[in-house]
Amino acid sequence: MEELLGYFISDHKPDIYAASFSRRGDLLSQWRGYAPNGGLSFGIELDRLKSIDDDRFYHVEECIYDDVKSHLKSKIKARELVQVILDKATYLKTGQIPDHSEGVEISNNKMARLRELDSEIAKNIFKLYALSASIKDNSFSEEQEVRIISHLLGEREVCFRATDKLLIPYTSFGIEDIEIKKIYVSPGIDFELNYNSIVKYFMINGRPVPDICPSSSSYRG
């Protein structure tokens, strides 16, 4: 497996990116961390978010937090992926083409099928990376995080943004057609003024007005 990973890493150079979402739309630690001066929390349907999942570029993974039960779950999933990778690699190494492969049509052309196997191995190695990118320390479990995990194989442009301490690479993807179902207005700012502006924005842009709520949290404790 180490030999196989070394080959694919050097050949395909996977580059892993993650976009983070939370099942908790109104969480004080998130307001403090990401909107200390005020902001909005946008709610979308998880199933709609998962619809962008595809084997080639994206996986939507619910984060696994490092407790005993989750650790066992992630180990089982990792072993299953490793077994799939090794099975396909055996066919690739020996040149023996399996009679059938789940979800993939068998090509009459042997070389074409071997190329398909190579691609399938790369996809499953990415799934293994995506699994590792979804594991977090248990101290973050209140966030109930869901991540879109992406890899780059040279097909998409990498952009950069600067923070006070770091130059951060990122890649963009479109979820513009996903309907916003709910908006929380952060604590510490005027709810009524924000409510009126948000409603006007959605109406002018011809989009359904979501449910708009004030945060139930308070910075004052």
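Looking at every heavy atom in both residues, S217 comes nearest to D26 through OG-OD1, 3.6 Å. Closest non-hydrogen pair, I178 versus R207, comes out as O-NH2, 3.5 Å. Summarising the geometry of Y17 relative to Y170, their closest heavy-atom pair is CE2-CA, 3.7 Å, with the distance given to 0.1 Å. Of all non-hydrogen atoms in E179 and I44, the two that sit nearest each other are O-CG2, 3.6 Å. The minimum heavy-atom distance linking K182 with P210 is given by the pair N-CB, 3.8 Å. Shortest non-hydrogen contact noted between W31 and G39 is CZ3-O, 3.8 Å.
Between S134 atom OG and I148 atom CD1 the span is 13.5 Å, to the nearest 0.5 Å. Interatomic distance, K181 NZ to D211 CG, rounded to the nearest 0.5 Å: 10.5 Å. Considering CG of L128 and CZ of R79, their distance stands at 13.0 Å, rounded to 0.5 Å. Rounded to the nearest 0.5 angstrom, H59 NE2 and I16 CD1 are separated by 9.5 Å. The distance from the CD1 atom of I198 to the NZ atom of K200 is 13.0 Å, given to the nearest 0.5 Å. The CZ atom of R24 sits 10.0 Å away from atom OH of Y184, with the distance rounded to the nearest 0.5 Å.
One hydrophobic cluster, built from ILVMFWY side chains closer than 4.5 Å, holds both I149 and L81. Side-chain heavy atoms closer than 4.5 Å link hydrophobic residues (I, L, V, M, F, W, Y) into clusters, and following such links, possibly through other members, connects V199 to I189. Note on I212 and M203: same hydrophobic cluster, where clusters join Ile, Leu, Val, Met, Phe, Trp and Tyr whose side-chain heavy atoms are under 4.5 Å apart, directly or indirectly.
A salt bridge between E62 and R23 is present, with a side-chain N of the basic residue lying under 4.0 Å from a carboxylate O of the acidic one.
Residues satisfying the side-chain hydrogen bond (donor to acceptor under 3.5 Å, both in side chains) criterion with E80, sequence neighbours excluded, are absent altogether. Not counting sequence neighbours, F202 has no partner by the ring pair (Phe, Tyr, Trp, His ring centres under 6.0 Å) test. With sequence neighbours excluded, the residues satisfying side chain to side chain contact (heavy atoms under 4.5 Å, CB included) with F42 are L40, I180, I183. Listed by chain and residue number, D190 satisfy the side chain to side chain contact (heavy atoms under 4.5 Å, CB included) test with L193 (two or more places apart in sequence, or in another chain).
Identified under the salt bridge (Lys or Arg N to Asp or Glu O under 4.0 Å) test for residues 160-169, with sequence neighbours left out: none. Residues in residues 37-49 take part in these side chain to side chain donor-acceptor pair (under 3.5 Å) pairs, two or more places apart or across chains: R48-S51, R48-D177.
When atom types are taken as modelled, the side chain of S22 and the backbone of G25 share no donor-acceptor pair closer than 3.5 angstrom.
A donor-acceptor contact closer than 3.5 angstrom links the side chains of E145 and S20. If you check the side chains of E142 and S29, you find a donor sitting under 3.5 Å from an acceptor. There is a side-chain donor-acceptor pair under 3.5 Å between D87 and Q83.
Counting heavy atoms from C-beta on, the side chains of E61 and K127 never come closer than 4.5 Å.
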Any chance you could lay out the side chain to side chain contact (heavy atoms under 4.5 Å, CB included) test for S197 and N194, step after step, and finish with the verdict? CA-CA 5 Å; S197 296; N194 278 278; 5.8 Å; no
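With a 6.0 Å radius and a threshold of 12 heavy atoms from other residues, nucleotides or ligands, K77 has its NZ atom at or below the threshold. More than 12 heavy-atom neighbours from other residues, nucleotides or ligands sit within 6.0 angstrom of CZ on F191.
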